[in-house]
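Comments concern the structure below.
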Amino acid sequence: MYKFFAYLDRMKYIKRWSLMHSTTNENIMEHSQQVAVIAHALATISNVYFGGNLDANSIAVKALFHETSEVMTGDLPTPIKYFNPEIRDAYKSLERLANERLLSLLPSQLSAEYAKIVMDDQSEEHRFVKYADKICAYIKCVDEVKRGNAEFAKAKETIFKEINAFKRAEVDYFMGNFLPAFSLTLDELDV
């Protein structure tokens, strides 16, 4: 009996934004799907408009799996995760160990294939997942602020600055052309 996929199914129980009051709870399974959609879009934008040669489907799959370690570690809030270099490095090591443990729950042939997805943290594809991850955090802030939750106002400002610091044409294109619609109501979207 192999337990890898049963563990991944537990992503629906790992809540995000644990240090902040949210009007809508978000788990890492939902988050990973949103990151996959946006990472795919960023890669496609790169290919269509900016001469990229990315495998958008591969990037989407890596995005679906980008939080797998958290079924073992939980979601460590960003302010803690990046409090100082020692904590950041220790957490990276913990994530790596958790992913290795998860991969050990597969037959060896499958483990080798999934390691290419789960353990990738240096490739250009991974960078696109990180861009999408940050955009999704910003979308969460936009949604919470739209609902009147001032708890996310400062995070919204901070994350927006981080996104601008990427200085990536694909990210800028998405932010300028698609992000404004996330502030609309259903009636406004249906026009």
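Here the structure is a predicted model, which is why all the values come from computation and not from measurement.
The aromatic rings of Tyr114 and Phe4 sit tilted, their planes meeting at an angle between 30° and 60°.
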I'd like to know whether Leu105 forms a side chain to side chain contact (heavy atoms under 4.5 Å, CB included) with Tyr2, so could you lay out the CA-CA distance, the side-chain angles of the two residues, the decisive distance to 0.1 Å, and finally the verdict. CA-CA 6 Å; Leu105 303 175; Tyr2 297 101; 5.9 Å; no
Test side chain to side chain contact (heavy atoms under 4.5 Å, CB included) on Asn164 and Met175; report intermediate values, then the result. CA-CA 9 Å; Asn164 282 336; Met175 295 295 287; 5.9 Å; no
side-chain hydrogen bond (donor to acceptor under 3.5 Å, both in side chains) between His21 and Asn149, intermediate numbers included: CA-CA 8 Å; His21 167 70; Asn149 185 359; 4.6 Å; no
Determine whether Arg96 and Glu100 satisfy the following criterion, side chain to side chain contact (heavy atoms under 4.5 Å, CB included), listing intermediate values before the conclusion. CA-CA 6 Å; Arg96 184 167 210 75; Glu100 287 171 359; 3.6 Å; yes
Given His40 and Val37, is the side chain to side chain contact (heavy atoms under 4.5 Å, CB included) satisfied, shown in steps? CA-CA 5 Å; His40 188 277; Val37 168; 5.9 Å; no
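A donor-acceptor distance shorter than 3.5 angstrom exists from the side chain of Asn47 to the backbone of Leu54, with no hydrogens or angles considered. With hydrogens and angles disregarded, no donor-acceptor distance shorter than 3.5 Å links the side chain of Ser58 to the backbone of Asp55. Of the possible donor and acceptor atoms, none in the side chain of His31 sits under 3.5 Å from a partner among the backbone N and O of Ile28. In terms of modelled atom types and a separation under 3.5 Å, the side chain of Ser111 and the main chain of Leu103 share a donor-acceptor contact. Without hydrogens or angle criteria, Thr158 side chain to Lys154 main chain gives a donor-acceptor distance under 3.5 Å.
Between Asp143 and Arg147 there is a salt bridge, with a side-chain nitrogen of the basic residue lying less than 4.0 Å from a carboxylate oxygen of the acidic one. One finds no salt bridge joining Glu144 and Lys156 here, because no Lys/Arg side-chain nitrogen approaches an Asp/Glu carboxylate oxygen to under 4.0 Å. A salt bridge is defined here as a Lys NZ or Arg NE, NH1 or NH2 lying under 4.0 Å from an Asp or Glu carboxylate O, and Lys15 with Asp75 fails to meet this definition.
Within 6.0 Å of the CZ atom in Phe166, the count of heavy atoms belonging to other residues, nucleotides or ligands exceeds 12. By the 6.0 Å contact criterion, CZ on Phe182 is enclosed, its count of non-hydrogen atoms from other residues, nucleotides or ligands being greater than 12. The 12-atom threshold is not exceeded at CZ of Phe160, counting heavy atoms of other residues, nucleotides or ligands nearer than 6.0 Å. No more than 12 heavy-atom neighbours from other residues, nucleotides or ligands sit within 6.0 angstrom of CZ on Arg10. Counting heavy atoms of neighbouring residues, nucleotides and ligands inside a 6.0 Å radius, atom OH of Tyr13 does not exceed 12 of them. The environment of Asn53 atom CG is sparse: at most 12 non-hydrogen atoms of other residues, nucleotides or ligands sit within 6.0 angstrom.
Residues Lys62 and Phe128 are not in side-chain contact: their nearest non-hydrogen atoms beyond the backbone lie 4.5 Å or more apart. The shortest side-chain heavy-atom distance between Val129 and Val35 falls under the 4.5 Å cut-off. Under the 4.5 Å side-chain criterion, counting only non-hydrogen atoms from C-beta, Glu67 is in contact with Met11. In this structure, Ile135 and Leu179 have side chains that are in contact, with non-hydrogen atoms separated by less than 4.5 Å. At a threshold of 4.5 Å between non-hydrogen side-chain atoms, the residues Met20 and Trp17 count as touching. Side chains of Gln34 and Ile38 form a contact here, defined as non-hydrogen atoms less than 4.5 Å apart. Two residues are said to be in side-chain contact when any heavy atoms from C-beta on lie closer than 4.5 Å; Thr73 and Leu94 meet this criterion. No side-chain heavy atom of Asp9 sits less than 4.5 Å from a side-chain heavy atom of Val71.
When every heavy atom of Ala98 is checked against every heavy atom of Met72, the shortest pair comes out as O-SD, 3.8 Å. The two residues Ala63 and Ala36 have their closest heavy-atom pair at CB-CA, 3.4 Å. The minimum heavy-atom distance linking Glu188 with Ser183 is given by the pair OE1-O, 4.3 Å.
Here the CD-NE2 distance, from Gln122 to His126, works out to 7.0 Å after rounding to the nearest 0.5 Å. The structure places NZ of Lys130 at 15.0 Å from CD of Glu125, a figure rounded to the nearest 0.5 Å. With values rounded to the nearest 0.5 angstrom, Ile45 atom CD1 is found 6.5 Å from Tyr173 atom OH. Put simply, CG on Asn99 and OG1 on Thr68 are 3.5 Å apart, with the number rounded to the nearest 0.5 Å. Note that the OG1 atom of Thr185 and the CG atom of Asp190 stand 9.5 Å from one another [nearest 0.5 Å]. From Ile163, atom CD1 reaches atom CG of Asp172 across 10.0 Å, with rounding to the nearest 0.5 Å.
Leu184 is not connected to Val142 by any chain of hydrophobic side-chain contacts under 4.5 Å among Ile, Leu, Val, Met, Phe, Trp and Tyr, and they are in different clusters. At a threshold of 4.5 Å between side-chain heavy atoms, the hydrophobic network of Ile, Leu, Val, Met, Phe, Trp and Tyr places Val145 and Leu189 in two separate groups. Both Leu64 and Ile14 belong to a common hydrophobic cluster when Ile, Leu, Val, Met, Phe, Trp and Tyr are linked at side-chain heavy-atom distances under 4.5 angstrom. Cluster annotation: Val61 and Ile59 are assigned to distinct hydrophobic clusters (Ile/Leu/Val/Met/Phe/Trp/Tyr, side-chain heavy-atom contacts under 4.5 Å, transitive). There is no path of hydrophobic side-chain contacts, each under 4.5 Å, that joins Val118 to Leu97.
Between the side chains of Ser22 and Asn25, no donor-acceptor pair of N or O atoms lies under 3.5 Å.
Relative to the six-membered ring of Phe152, Lys140 meets both conditions, a distance below 6.0 Å and an angle of at most 45° to the axis.
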